[in-house]
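Contents: one structure, followed by commentary.
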Amino acid sequence: MSARLDIVAAVRSLSQLRRLGALDVRRIDSDGILVGSRRERLVDVAFDGRRIWSFWLPRDGEEHEGALLLRWPKPLRPYLDGVTELTLTDPGAGTELFGETFRLGESAERIAVVNPAGRPLSLDKSLKLVETFNTRDAAHVEPLLDAIEEVLGALHRAGVRAFLAYGTALGAVRDGGLIGHDSDADLGYVSTHDHPVDVIRESYRIQRTLTDMGYRVTRYSAIALKVHVLESDGLDRGLDVFGGFMRDGLLYLMGEIATPFEEEWIYPLGTASLEGREFPVPADTDRFLTATYGPRWRTPDPAYKFTTPASTIELFNGWFRGMRTGRAGWHGYFKRTAHQASHESAVARLVAERHPDLATYVDIGCGRGADVAWFADRGTRAIGLDFQPYAYEPEEARRSGDPLATFQLFNLLELRHVLAVSAWVARMPGPRVVGCVHVVERLGHRGRLNMLRAARMMCAGTTGELHLQFLSHRGRDGYPRRTGARKALDPALVLAEVEESGGRVVELVREDVSTNPDSSQVCRMIINWNS
Amino acid sequence: MFGRKGPQAGRGGDLEKRVAALEEAVQENRALNVRLAELTDVVTELLLPVASRDEEKLEELLGKYRGDLS
């Protein structure tokens with residue numbers, strides 16, 4: 001769809017715009033909605049009668065020409081080409097504040113905010129464009145209720161007493177149903193442990209139990225998981241499961257709640273009705289929802305923003321987060337470069353030349369798996385490791401019958417991955433050589449030390465070595481963006497870290513990647529831990 | 001401790017720096033919870049079976065542990 005927003009402009013002149021209530025809409029164009037009113041109020045925006053977006057005045061506006069500009073949220077912009085009847089309403093009173101048919105862009109078609117399958121989308125409170133519940137009819141809601149029931153049962157079998165949490169609890173308690181502008185289902189549990197270490201270990205155990213039951217599970221933090229359920233309508237839906245615990249009179253529930261609380265306000269659980277079915281909720285729903293959304297939880301707010309104190313966010317960051325750093329950036333990179341032809345790296349060719357007897361090649365940060373495929377085609381066993389399975393899945397599928405090519409999820413920010421996967425590799429035939437190309441630039445100190453620790457374990461007991469390549473000078477030749485390296489890393493820093501890991505750099509080469517006057521430069525190091 | 005050494009020590013003039021150092025140290029300490037849990041998990045799930053020297057069992061456990069990662 002065209003993202004042309006240069007025009008815009010109302011079809012009718014500004015004087016024709018109706019000014020109802022106190023909203024004082026001054027202009028609607030490609031930038032957004034310009035409003036004169038500064039009175040605090042919640043506004044729903046609908047296109048052709050369907051809610052698309054909600055905002056709070058004056059919170060979400062920015063100063064512009066003496067008024068407040070509500071910019072169209074970025075995810076919505078590609079759709080804003082066509083004609084629609086725009087209405088602004090006060091959802092509390094249900095009164096229409098403004099209504100006008102107008103055109104954005106050049107198209108004469110109706111603006112259709114839908115996904116490729118034609119399903120209607122709208123913005124949730126995090127301004128993500130999603131399929132919200134208010135557009136799902138009963139036939140679509142039933143499979144979700146089945147999924148909630150199923151995951152609650154699985155968590156019960158895994159030994160925790162889970163309940164509806166966050167928006168799902170709010171909808172059930174307040175309205176007896178799913179919240180129209182919500183798009184996911186949230187569950188929570190409060191551990192019987194009171195120390196973060198034990199609560200984290202329990203979360204690992206829950207994950208193993210769920211995986212044993214056949215569920216696909218994605219870990220979001222040390223105590224938050226997404227459990228994927230294939231709904232009866234064929235949709236893969238992820239239910240978020242947030243871990244929590246009580247300690248010194250405080251309830252901690254990932255990832256927004258840290259507040260004085262009593263255990264009796266949670267357990268024994270009560271029930272609430274959600275779309276006609278009974279589900280477990282904390283014993284004192286008023287206190288629980290007040291802890292989650294504040295004392296005004298009874299008033300609907302589709303533009304709600306958590307006002308979690310910075311101290312709580314920092315606490316959760318320190319205790320439980322940090323294992324997904326950089327993942328979204330790499331996801332974007334692989335999406336953007338999906339069309340780019342991928343071929344073997346200079347490191348792969350160098351390794352093949354230097355190690356004619358090579359038995360196993362391991363690529364840490366294998367991306368789409370071009371080096372793995374290249375080695376496998378040469379008859380050498382190759383293991384591709386990456387924390388972004390999205391990148392290697394197509395190659396993995398193509399190689400499903402190839403015993404020489406194996407891919408494995410591997411996150412350098414999780415010590416469990418580093419130790420267990422490296423121990424697995426260390427049992428493969430030697431000599432084993434590890435390659436790591438344009439990965440360390442996007443890691444911090446801990447991630448780089450983990451990479452060196454993994455390489456050391458993988459090479460142990462063989463004459464193997466680590467071949468490391470990273471960007472050492474960021475030129476203006478597109479190379480940093482093309483490779484995903486983004487920024488340069490000082491070789492002196494890497495040398496110090498290699499020494500810290502007990503390794504030795506046996507060769508160091510710096511070379512320009514092109515003849516461009518401001519060429520990017522890469523640094524290649526060969527590192528071993530044999531001496 | 002936490003930046004108290006040096007000419008400003010005890011006079012509070014470097015309070016801002018000391019608080020920043022303290023905050024950094026607190027975050028580092030908090031992060032130890034995950035490290036310790038990870039390490040304990042690996043030891044209990046993998047290292048203890050290693051001690052039993054059951055090669056077949058170990059291979060199976062390594063495969064399973066790997067498969068459970070996400």
Side-chain angles (χ1 to χ4, degrees), chain A residues 193 195-212 215-223 225-228 310-311 314-324 385 387 389 406 408-411 413-427 446 450, chain B:
Chain A
H193 299 288
H195 194 284
V197 171
D198 297 318
V199 182
I200 296 166
R201 290 184 59 206
E202 178 182 60
S203 178
Y204 295 151
R205 187 181 57 71
I206 292 168
Q207 180 181 355
R208 272 193 284 274
T209 308
L210 292 171
T211 310
D212 283 350
Y215 293 102
R216 188 163 73 82
V217 180
T218 308
R219 178 164 292 282
Y220 275 80
S221 75
I223 60 166
L225 305 169
K226 194 182 270 294
V227 185
H228 299 265
S311 58
E314 276 168 26
L315 183 76
F316 284 145
N317 285 351
W319 273 348
F320 306 118
R321 294 193 178 110
M323 51 186 60
R324 290 181 71 83
L385 307 175
F387 81 154
T406 310
Q408 165 71 43
L409 178 71
F410 184 61
N411 186 353
L413 301 179
E414 284 198 70
L415 195 58
R416 295 194 311 149
H417 290 225
V418 172
L419 298 179
V421 173
S422 303
W424 166 66
V425 170
R427 294 160 60 80
R446 179 167 68 91
N450 272 345
Chain B
M1 192 177 233
F2 299 120
R4 281 187 74 176
K5 285 178 188 160
Q8 295 291 312
R11 276 186 277 159
D14 59 348
L15 199 58
E16 215 168 284
K17 277 187 190 161
R18 285 174 55 200
V19 169
L22 192 60
E23 282 177 341
E24 201 177 312
V26 166
Q27 277 311 77
E28 270 179 33
N29 272 307
R30 283 173 174 162
L32 289 177
N33 286 288
V34 176
R35 301 293 93 75
L36 184 56
E38 288 174 308
L39 209 50
T40 314
D41 194 63
V42 171
V43 169
T44 50
E45 296 298 316
L46 290 178
L47 272 192
L48 294 182
V50 166
S52 72
R53 294 167 190 270
D54 182 339
E55 188 58 24
E56 218 170 276
K57 180 84 179 153
L58 178 61
E59 191 68 35
E60 184 195 320
L61 278 169
L62 268 173
K64 184 172 178 328
Y65 195 93
R66 220 166 28 85
D68 287 345
L69 298 177
S70 72

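Reminder, nothing fancy here: chain letters follow the sequence lines and each chain counts from 1. This structure is a prediction, so every number in the text was calculated from the model and none was measured.
- Only the side chain of L419(A) has a heavy atom closer than 4.5 Å to any heavy atom of chain B.
- Within the 4.5 angstrom heavy-atom criterion, atoms from both the backbone and the side chain of L69(B) approach chain A.
- Using a 4.5 Å cut-off between heavy atoms, A222(A) touches chain B through its side chain atoms alone.
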No hydrogens needed, just list the donor-acceptor pairs between chain B and chain A under 3.5 Å.
| unit_1 | atom_1 | unit_2 | atom_2 | d |
| --- | --- | --- | --- | --- |
| Q27(B) | NE2 | E314(A) | O | 3.0 |
| A31(B) | N | G318(A) | O | 3.3 |
| E38(B) | OE2 | L415(A) | N | 2.7 |
| D41(B) | OD1 | R208(A) | NH2 | 2.6 |
| D41(B) | OD2 | R208(A) | NH1 | 3.2 |
| D41(B) | OD2 | R416(A) | NH1 | 3.3 |
| E45(B) | OE2 | R208(A) | NH2 | 3.4 |
| E55(B) | OE2 | R427(A) | NH1 | 3.3 |
| E55(B) | OE2 | R427(A) | NH2 | 2.5 |
| E59(B) | OE1 | R427(A) | NE | 3.3 |
| E59(B) | OE1 | R427(A) | NH2 | 2.7 |
| K64(B) | NZ | D212(A) | OD1 | 3.0 |
| R66(B) | O | Q408(A) | NE2 | 3.4 |
| R66(B) | NH1 | Q408(A) | OE1 | 2.7 |
| D68(B) | O | Q207(A) | NE2 | 2.9 |
| S70(B) | OG | Q207(A) | NE2 | 2.8 |
| S70(B) | OG | V217(A) | O | 3.2 |
| S70(B) | OG | R219(A) | N | 3.1 |

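- When the candidates I223(A), L225(A), L315(A), V199(A) are compared by the number of heavy-atom contacts under 4.5 Å with chain B, L315(A) comes out ahead.
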Q: Determine, stepwise, if the pair V34(B) / I200(A) fulfils side chain to side chain contact (heavy atoms under 4.5 Å, CB included).
A: CA-CA 7 Å; V34(B) 176; I200(A) 296 166; 3.8 Å; yes
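- For F320(A), the part lying near chain B is the backbone, with the side chain staying farther off; criterion is any non-hydrogen pair under 4.5 Å.
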